[in-house]
Amino acid sequence: MSVKVLAVLASGSGSNLEAIAQAIVNGELKAKIAVVIYNEPDAFARQRAEKYGIPAILVNHRDYKSRKALDLAIINILEKYNVDLVIMAGWMRIVTQVLIDAFPERILNIHPSLLPSFKGIHAIEQAFNYGVKVTGCTVHLLSLEVDSGKILKQAAVPVLPEDTLEDLQKRIQVQEHIIYPEAIAEYSH
Ligand code: GAR
């Protein structure tokens with residue numbers, strides 16, 4: 001099987017980025033992360049990329065006049081690095097059709113709920129406040145409508161009676177770090 005060339009887009013901590021990078025190091029995922037793109041100057045994802053020797057490029061959305069202009073700048077980088085798959089890992093920007101058209105069925109996203117429940121921001125909090133007893137995480141293809149693309153993989157996570165929001169968040173992230181590298185390994189387009 002050929003090695004998949006990935007780009008990871010992250011806005012924050014980058015723990016999913018690290019899980020994917022580590023799965024590659026461990027030989028569980030035959031891929032290479034060619035580049036990390038981050039949009040928040042102080043995103044910890046940048047440090048994680050450095051730890052794995054991956055180039056990290058800041059594309060600060062504040063420097064662009066529109067979502068489309070931001071996406072065009074991102075496409076420029078993705079094409080330069082000959083990326084096969086775009087991996088959104090905590091990328092907190094709404095994308096435009098321009099990016100989707102540039103990488104049709106080649107953009108994956110992870111969302112911290114069992115989609116189609118609890119789309120959008122603060123998904124874990126939404127589920128927690130709703131009082132569900134089971135939630136989880138979902139890897140899906142990106143589509144223009146937020147958190148609505150084809151589902152590739154899911155993991156269910158119980159909500160325990162004594163859980164705080166932070167407990168639940170941690171339990172979901174453990175599963176994210178397992179299913180995201182697996183979903184990338186299994187995905188062929
Ligand atoms: C992850 O839990 C991911 O599911 C979530 O952001 C977190 C990023 O964590 N994404 C969304 O909420 C997208 N709507 P990380 O930066 O440590 O990988």
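Just so it is clear, the values below take in all heavy atoms, side chains as well, and ignore hydrogens, waters and symmetry mates. For ligands, and for the atoms within them, numbers begin at 1 and follow the listed sequence. Everything numeric in this text was worked out from a predicted model, so none of it was measured.
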- Query: For ligand 1, is there an N or O atom under 3.5 Å from any N or O atom of Asn16?
  - Reply: yes

- Distance-only N or O hit between ligand 1 and Gln173, under 3.5 Å: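 Between Gln173 and ligand 1 (N or O atoms, distance only) the closest approach is under 3.5 Å.
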
- Query: For Glu105, does the CD atom have more than 12 heavy-atom neighbours from other residues, nucleotides or ligands under 6.0 Å away?
  - Reply: no

- Task: Could you pull out all residues at least two apart from Glu182 that satisfy salt bridge (charged side-chain N to carboxylate O under 4.0 Å, His left out)?
- Result: Lys153

- Item | With sequence neighbours excluded, residues passing salt bridge (charged side-chain N to carboxylate O under 4.0 Å, His left out) with Glu79 | none

Considering only non-hydrogen protein atoms, determine which one is nearest to [atom] and report residue, atom name and distance to 0.1 Å.
| atom | answer |
| --- | --- |
| atom 2 (O) of ligand 1 | Glu176 OE1, 2.8 Å |
| atom 16 (O) of ligand 1 | Gly14 N, 2.7 Å |
| atom 17 (O) of ligand 1 | Ser15 OG, 2.5 Å |
| atom 14 (N) of ligand 1 | His111 ND1, 3.3 Å |

- Item | Side-chain (Ser113) to main-chain (Ala123) donor-acceptor, under 3.5 angstrom |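 Such a contact is absent between Ser113 side chain and Ala123 backbone.
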
- Message: Using a 4.0 Å cutoff against the non-hydrogen atoms of Ser13, which atoms of ligand 1 qualify?
- Response: 16 (O), 17 (O)

- Item | Residue Gly90 vicinity, atoms of ligand 1 by number, heavy atom under 4.0 Å |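 What qualifies from ligand 1 is 6 (O), 8 (C).
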
- Message: Using the rule given for side-chain hydrogen bond (donor to acceptor under 3.5 Å, both in side chains), can you reason through Ser15 versus Gln173, listing the C-alpha separation, both sets of side-chain angles and the distance that settles it, and then say yes or no?
- Response: CA-CA 8 Å; Ser15 70; Gln173 281 232 315; 3.1 Å; yes

- Whether Met92 lies under 4.0 Å from ligand 1, heavy atom: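 The answer is yes, since Met92 has a heavy atom less than 4.0 Å from ligand 1.
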
- Query: Are Ala10 and ligand 1 in contact, using a heavy-atom cut-off of under 4.0 Å?
  - Reply: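 No, Ala10 has no heavy atoms under 4.0 Å from ligand 1.
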
- Between Arg46 and Glu50, does at least one N-O distance fall below 4.0 Å, as a salt bridge requires?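 Yes, charged N to carboxylate O under 4.0 Å.
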
- Query: Side-chain heavy atoms under 4.5 angstrom apart, residues restricted to Ile, Leu, Val, Met, Phe, Trp, Tyr: same cluster for Ile87 and Val35?
  - Reply: no

- When hydrophobic residues are tied together by side-chain contacts of less than 4.5 Å, even through go-betweens, does Ile57 share a cluster with Leu99?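 Ile57 and Leu99: one cluster.
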
- Message: Quick test of your reading of the structure: of Pro112, Ser11, Ala45, Gly12, whose heavy atom lies closest to atom 5 (C) of ligand 1?
- Response: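 Minimum heavy-atom distance to atom 5 (C) of ligand 1 goes to Pro112.
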
- Note on the structure: Heavy-atom proximity to atom 13 (C) of ligand 1, picking from Ile110, Ile121, Ile94, Leu17, points to Ile110

